[in-house]
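Predicted model, so just to flag it, every value in this text is computed and none were measured. Values below: all heavy atoms of this structure, side chains included; hydrogens, waters and symmetry mates excluded.
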Amino acid sequence: MKHAWRQAAGVWRLYSEALHGLEHHLTAPLWTALLAELRGCQGKIVVTGVGTSGIAARKIAHMLACVERPAIYLNPTDAAHGDLGFLRADDLLIMISRGGNSDELTRLLPGLAAKKVPLIGVTENPDSAIAGAARLVISTGVQREADPLNMLATTSIMLLLAIFDAACVCLMSESGYSEETLLAVHPGGDVGLTLRQKKSGG
């Protein structure tokens, strides 16, 4: 029991140290460029990935939508079976792949190039196919995954979500995002209930 507790505490400590390292890994110019891409998109922000990266992609798309950026998750399998057709040159695609060479994603690259869809690659491999096709590459700088095999996307996904959560916070701050704005897009759940009660003075 004590060993399991120490192991869990070690995971949390690893996460804490990795999060602290983001401010040294991500430079101010890179951060400015990422925000400019998200802010300047005139069409849809489309986020895709497979496996754990795909789950993270759904969350990132959801958060962007919550801060009034027209974002949606794209299933890469469906994309290869026709869903690429809804992408336009004024859209922005965020492609998440730790290794940067996942077959399900790289097979989409020729179609994206043909449609002139700009790409942000989120990968730890600067020499990968996705990095090579992207006009902006973001990495988490992960040093070690939390699992004993150092193989599963654990620390890296936590860092990935932290990067895009921070981007959403920045977008909210600069746009004058208010409680009224949030209520308009999030009327459900405890968030909506709390905001309605505050608005009514209850």
Side-chain angles (χ1 to χ4, degrees), residues 15 18-19 21-41 43-67 69-80 83-84 87 91-113 115 117-146 150-171:
Y15 279 9
L19 280 170
L22 276 180
E23 65 179 297
H24 305 291
H25 174 70
L26 294 176
T27 64
L30 185 61
W31 189 251
T32 299
L34 174 60
L35 289 181
E37 291 283 358
L38 298 175
R39 186 192 306 117
C41 179
K44 306 173 293 294
I45 300 174
V46 182
V47 194
T48 191
V50 293
T52 309
S53 294
I55 295 169
R58 289 180 177 88
K59 197 271 186 180
I60 291 167
H62 171 72
M63 284 297 295
L64 287 166
C66 284
V67 299
R69 303 290 158 169
I72 189 170
Y73 167 73
L74 175 64
N75 182 301
T77 300
D78 292 337
D83 278 2
L84 275 183
L87 287 166
D91 295 332
L92 174 66
L93 185 68
I94 300 171
M95 188 173 280
I96 304 169
S97 171
R98 183 173 52 167
N101 290 309
S102 297
D103 291 341
E104 300 93 334
L105 300 175
T106 57
R107 65 181 175 177
L108 306 179
L109 295 176
L112 295 171
K115 296 171 72 66
V117 179
L119 174 66
I120 293 178
V122 184
T123 177
E124 305 306 312
N125 183 1
D127 299 318
S128 64
I130 290 172
R135 71 180 185 187
L136 179 66
V137 177
I138 301 292
S139 72
T140 68
V142 63
Q143 297 298 306
R144 177 169 178 81
E145 300 290 4
N150 191 28
M151 294 291 292
L152 296 176
T154 48
T155 315
S156 56
I157 290 299
M158 182 270 303
L159 293 172
L160 170 64
L161 295 177
I163 288 170
F164 281 93
D165 280 351
C168 287
V169 169
C170 291
L171 293 172

S156 and E124 side chains, donor-acceptor separation under 3.5 Å: no
From the list I60, T48, T123, side chain to side chain contact (heavy atoms under 4.5 Å, CB included) with I96 holds only for I60
Which atom pair, heavy atoms only, marks the closest approach of A129 to N101? N-OD1, 2.9 Å
How far does CD1 of I138 sit from CD1 of I94, to the nearest 0.5 angstrom? 9.5 Å
Atom pair CG/OG of L105 and S53 - distance to nearest 0.5 Å: 8.0 Å
Keeping D91 on the side-chain end and K44 on the backbone end, is there a donor-acceptor pair under 3.5 Å? yes
Between N125 and A131, what is the shortest heavy-atom contact and its length? O-CB, 3.5 Å
Minimum heavy-atom distance between L38 and R69, given as atom pair plus value: O-NH1, 4.0 Å
Filter on salt bridge (charged side-chain N to carboxylate O under 4.0 Å, His left out), then keep only pairs touching residues 129-143, sequence neighbours left out; what's left? E37-R135
Heavy-atom nearest pair, A61 first then Y73, reads CB-N, 3.7 Å
Specify the closest pair of heavy atoms between S139 and I163, including all atoms of both residues, with the distance to one decimal. O-CD1, 4.1 Å
Kindly indicate, with the supporting measurements, whether the criterion side chain to side chain contact (heavy atoms under 4.5 Å, CB included) is fulfilled by F164 and V47. CA-CA 11 Å; F164 281 93; V47 194; over 6 Å; no
Please say whether more than 12 non-hydrogen atoms of neighbouring residues, nucleotides or ligands are located less than 6.0 Å from CD in Q143. no
Going by salt bridge (charged side-chain N to carboxylate O under 4.0 Å, His left out), name the pairs with one or both residues in residues 92-103, residues two or more places apart or in two chains. R98-E145
Starting from the C-alpha separation in whole Å, work towards a yes-or-no answer on side chain to side chain contact (heavy atoms under 4.5 Å, CB included) for L87 and V46. CA-CA 8 Å; L87 287 166; V46 182; 3.5 Å; yes
Taking it one step at a time, do L136 and L30 satisfy side chain to side chain contact (heavy atoms under 4.5 Å, CB included)? CA-CA 9 Å; L136 179 66; L30 185 61; 3.5 Å; yes
Testing the 3.5 Å rule here: is there a donor-acceptor pair between the side chains of S97 and S102? yes
Give the minimum heavy-atom separation between L74 and A79, together with the two atoms involved. CD2-CB, 3.7 Å
Can you check side chain to side chain contact (heavy atoms under 4.5 Å, CB included) on V122 and V137, steps first, answer last? CA-CA 6 Å; V122 184; V137 177; over 6 Å; no
Report the C-alpha distance between D165 and K59 in whole Å, list the side-chain angles of each, state the deciding distance to 0.1 Å, and finish with yes or no for salt bridge (charged side-chain N to carboxylate O under 4.0 Å, His left out). CA-CA 10 Å; D165 280 351; K59 197 271 186 180; 2.6 Å; yes
